[in-house]
Student: 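Take this structure first; my questions come after.
Below, all heavy atoms of this structure are taken into account, side chains as well, without hydrogens, waters or symmetry copies.
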There are 2 protein chains.
Amino acid sequence: MSEGKMSIREQLQNRFDELTRAEKQLTQLLLQNYPASGLGSITDLAKRSGVSTPTVARLVQKLGFAGFPQFQSALRAEVGAELSNPIDKYNKWAEHAPDEHILNRFADSVSKNVRQTFSRLKTEEFDEVCALLANTDHHLKIVGGRISRSLADYLFTHMQVIRPRVTHMTSNSNAWPHYLLDMNRDDMLVIFDVRRYENDLRRLAEMAHERGAKIILFTDQWGSPISRIAAHKFNCHIEVPSAWDSSIVPMLILEALIAEVQKANWDQTKRRMNTLEDLFDRTRMFRKFT
Amino acid sequence: MSEGKMSIREQLQNRFDELTRAEKQLTQLLLQNYPASGLGSITDLAKRSGVSTPTVARLVQKLGFAGFPQFQSALRAEVGAELSNPIDKYNKWAEHAPDEHILNRFADSVSKNVRQTFSRLKTEEFDEVCALLANTDHHLKIVGGRISRSLADYLFTHMQVIRPRVTHMTSNSNAWPHYLLDMNRDDMLVIFDVRRYENDLRRLAEMAHERGAKIILFTDQWGSPISRIAAHKFNCHIEVPSAWDSSIVPMLILEALIAEVQKANWDQTKRRMNTLEDLFDRTRMFRKFT
DNA sequence: TGAATTGTGAACAATATTTTACAGATGCAG
DNA sequence: CTGCATCTGTAAAATATTGTTCACAATTCA
C-alpha cells in the first residue's frame, strides 16, 4: 500500500519503530486520542505530549508533510471520513479494528468481568487480606491448580521479593504432605482454584484448615468447594469468548494486592530489593568471568 | 438545559430560526458536515459555505464565543468526547468503593493500558501470529524473564493442550544452549521480555535468530532490544500505580491468541483434550487405589 | 567519548483573526 | 416607488496567533 493511501493513523503505527523517543511519545498521544489531539495548534500538541515544538515540526516533516498545517488538514479530512462512517462511530478498544475482532470482544468481556467482580467484592475484605499478607509473623504458602499454577507462580515471585517466609507449593501434589507436616495456625495458605475444581486442592485445603492455617482463596464466580472453609475469598468472573477461562481478573486483584502489601512493608521490602539487586549484580559479574 | 451544557450542534439547531440568511447558510454547512467543516480556518469555512469572513465572525460571537478560536476549541473538545471511549468514563469499577481505592485506580490504569496498547496494535499482525502458532509444522518454544516467566508458563500450559511440539524453556539460562542446539528455521520462539530487559534473553534471542528461528516478542511499550530481530512483537503498556509492572495486557493478548489458535486447530485440539481427560481420569483412578 | 536526539529561546515569516468603514443588496412599510 | 433599516460583502489595516527555523546547550545512548 502506498503511503499516500494510508491513513495518518496507519502511517504512525507502521513507522512507529523507526521513530525516536520523543517522537514516539508524541505519536502515542496522537494515537491514543485520535484524531482530536492533533487538531489544536502545534504548540498545544507539543505541550500536551510533553515534547518541544520543533520536535512536532520535525515529525510531521518526517511523515512527508510540508508543514504542520498540511498535516492538520489531512487529519481534518480523516475526521470527516471517520465521523461520517457510522460503523466507526461506536467506540471500541481497538478503534481501527472491526467490532467483531477477537481482541475487541475479549477486551469487552474482560471489562465486564472486572466490573462484575468488583461489584461483589468488599474492599474491606481486600484490605484485610492485604494486612494479612503483609504480616511477616505468619508463613505464607501459595498453591494453584493445573492452570492457575501460573497465577500462584506470579504471586510467589513478587511476594518472595517483598517479604520473607514465602513458599510456592509445587503443583506436584505428591509433595504436599511434606508441607502439611509443618502447617499450623501461624500459616496462611493462598489457594487458586477455579472451575474444574481439583480434588487434590480440596483435600489439601481441608487438611490445612484442620491444622489451623488461614486460607485465602481465589476462585471463580461460582465458587470452589473450598469457599466453605476459606477465611477470605475472591470470586473472580472469568468468562470470555474462548474455550478457556480468563485469568485476567484474579491477576488484576493480585497485582493490586502486591502493590498494597509492598507499600505496607516498604522498609522491609526496600532492604530486600537492594540485597537482591546486589546478588543479581554479583551473579552477573560471576558469569562474565567464567 | 443551560446553553453551557449544550453541544454546539444543539445550539446551532435550536437557534437556527433566529439566524439571518447568510448565517443559516453557514450553519447548514456546519451541521451537514459536523464537526469537520468547522475545524479549518475561518476564511476556509467562509469560503466553503459561501459567506464572508465577517459573517462567520459575527455568528460565533452571536453564539456567545469570544472569537473564532474559542468556538473552534469547543468544537475540538466535542470531537474528543465523541470519539473517545465512553466505556468506562462514567462508570466507576467498584461502585461502592471510593474512587481512590487501589482497586479502582488499578482498574482505571489497566483499562487505559489496554486502550493504549490496542491503539498501536495491528490486528493483521495479531492474526498472523495466530496463524503461526496454529502451524504445527513448526516447533514452538517459549521463554520468559524473571517476572514474565509466569506468562510463559501460562502460554505453555495452554499450548501444550492445543497443539503438539511445544516446549517451555526453563528460566535457568544454563540450560538454554541445549535448546539452541536443535533450533533452526522450523522453530518459533515466543519471548517475554519487559523492562529491566535481561541480557541472557537478548543473547538467547540473537542466537536463535542466527539459526533462523522466528521470534515472537511480548515486550513493554518502550520495547526490549530484542524488538530489532523479532518477526512479530506486541508492545504492551504495563504501567500501574504500583512499584511493579502489570502483566495484565500481555496476558489479555495471550488469552485472545490462545482462543484463536484453539479455534483454528479445533479438530486436533479436540482429540488432544479427550486424550488428556482420559489420562487425568486414569491418574485419579490410579491414586485412589494406592 | 562522540554522535544523535531533544529542548530552549528567540527571531522571523506566514497565517489567521478581528475590526472598521463603506457600499451594495435586500426586504419591508408606507 | 421610495425610504429606511437591516443584512451582507469587500477591502484593508491592525493585531494576534501560529508555524518555521536556527543556533546552541543539554541530554541520552551506544
Student: Tabulate below the donor-acceptor pairs under 3.5 Å that side-chain atoms of residues 183-192 of chain B make, not counting sequence neighbours, or state none.
Tutor:
from: B:Asn184; atom 1: OD1; to: B:Asp186; atom 2: N; distance (Å): 2.7
from: B:Asp187; atom 1: OD2; to: B:Asn184; atom 2: N; distance (Å): 3.0

Student: Just how far, in rounded Å, is C1' of C:dT18 from CZ of B:Phe65?
Tutor: 17 Å
Student: Grab the CD-P distance between B:Gln25 and D:dG9 for me, whole Å please.
Tutor: 7 Å
Student: Quick one: side chain to side chain contact (heavy atoms under 4.5 Å, CB included) partners of A:Ser49, sequence neighbours excluded?
Tutor: A:Leu26, A:Leu29, A:Val51
Student: Quick one: which residue pairs count as a salt bridge (charged side-chain N to carboxylate O under 4.0 Å, His left out) with a foot in residues 21-35 of chain B, not counting sequence neighbours?
Tutor: B:Glu23-B:Lys62
Student: Grab the CD-C1' distance between A:Glu23 and C:dG7 for me, whole Å please.
Tutor: 14 Å
Student: When the C1' atoms of the five terminal pairs at each end define the local axes, what inter-axis angle does the helix from C:dT1-D:dA30 to C:dG30-D:dC1 show, to 10 degrees?
Tutor: 40°
Student: Given C:dT5, D:dG9, C:dG7, which nucleotide is nearest the side-chain atoms of A:Thr55?
Tutor: C:dG7
Student: Under 3.5 Å, which protein N or O atoms sit close to an N or O of nucleotides 19-29 of chain C? Give each pair with its distance.
Tutor:
from: C:dT19; atom 1: OP2; to: B:Gln61; atom 2: NE2; distance (Å): 3.0

Student: Using whole Å, report how far CG of A:Leu26 lies from C1' of C:dT5.
Tutor: 14 Å
Student: In whole Å, what is the span from the NZ atom of A:Lys62 to the P atom of C:dT6?
Tutor: 7 Å
Student: Among residues at least two apart in sequence or on other chains, which ones pass salt bridge (Lys or Arg N to Asp or Glu O under 4.0 Å) with B:Asp182?
Tutor: none
Student: Is there a donor-acceptor contact under 3.5 Å linking the side chains of A:Asn14 and A:Gln11?
Tutor: no
Student: With nearest nucleotides of DNA chain C determined for A:Ser52 and B:Pro69 from heavy-atom distances, which residue corresponds to the more 5′ nucleotide?
Tutor: A:Ser52
Student: Mind checking salt bridge (Lys or Arg N to Asp or Glu O under 4.0 Å) for A:Glu18 and listing every partner two or more places apart, or none if nothing turns up?
Tutor: A:Arg15
Student: Starting from P on D:dC7, measure out to NZ on B:Lys24 and report it in whole angstrom.
Tutor: 12 Å
Student: A:His101 and A:Phe106: aromatic ring centres closer than 6.0 Å?
Tutor: no
Student: C:dA16 C1' sits how many Å from A:Phe68 CZ, rounded?
Tutor: 15 Å
Student: Holding to salt bridge (Lys or Arg N to Asp or Glu O under 4.0 Å), I want the full list of residues that pass it with A:Glu255, two or more places apart in sequence or in another chain.
Tutor: none
Student: Tell me every residue that passes salt bridge (Lys or Arg N to Asp or Glu O under 4.0 Å) with B:Arg202, counting only those two or more places apart in sequence or in another chain.
Tutor: B:Glu206
Student: With the threshold set at under 4.0 Å for non-hydrogen atoms, list the residues of residues 38-46 of chain A touching DNA chain C in residue-number order.
Tutor: none
Student: At under 4.0 Å, does any side-chain N or O of A:Thr20 touch on OP1 or OP2 of C:dA4?
Tutor: no
Student: Could you state the CG-C1' distance from B:Leu59 to D:dC7, rounded to the nearest angstrom?
Tutor: 14 Å
Student: How would you list, by chain and number, every residue that makes a side-chain hydrogen bond (donor to acceptor under 3.5 Å, both in side chains) with B:His209, sequence neighbours excluded?
Tutor: none
Student: Report all side-chain donor-acceptor pairs from residues 217-225 of chain B shorter than 3.5 Å, counting only partners two or more places apart or in another chain.
Tutor:
from: B:Thr219; atom 1: OG1; to: B:Asp193; atom 2: O; distance (Å): 2.8
from: B:Thr219; atom 1: OG1; to: B:Ser224; atom 2: N; distance (Å): 2.9
from: B:Asp220; atom 1: OD1; to: B:Tyr197; atom 2: OH; distance (Å): 3.0
from: B:Asp220; atom 1: OD1; to: B:Trp222; atom 2: N; distance (Å): 2.8
from: B:Asp220; atom 1: OD1; to: B:Gly223; atom 2: N; distance (Å): 2.8
from: B:Asp220; atom 1: OD2; to: B:Arg195; atom 2: N; distance (Å): 2.7
from: B:Asp220; atom 1: OD2; to: B:Tyr197; atom 2: OH; distance (Å): 3.0
from: B:Gln221; atom 1: OE1; to: B:Ile238; atom 2: N; distance (Å): 3.4
from: B:Gln221; atom 1: NE2; to: B:His237; atom 2: ND1; distance (Å): 3.2
from: B:Ser224; atom 1: OG; to: B:Asp193; atom 2: OD2; distance (Å): 2.9
from: B:Ser224; atom 1: OG; to: B:Ile226; atom 2: N; distance (Å): 2.9

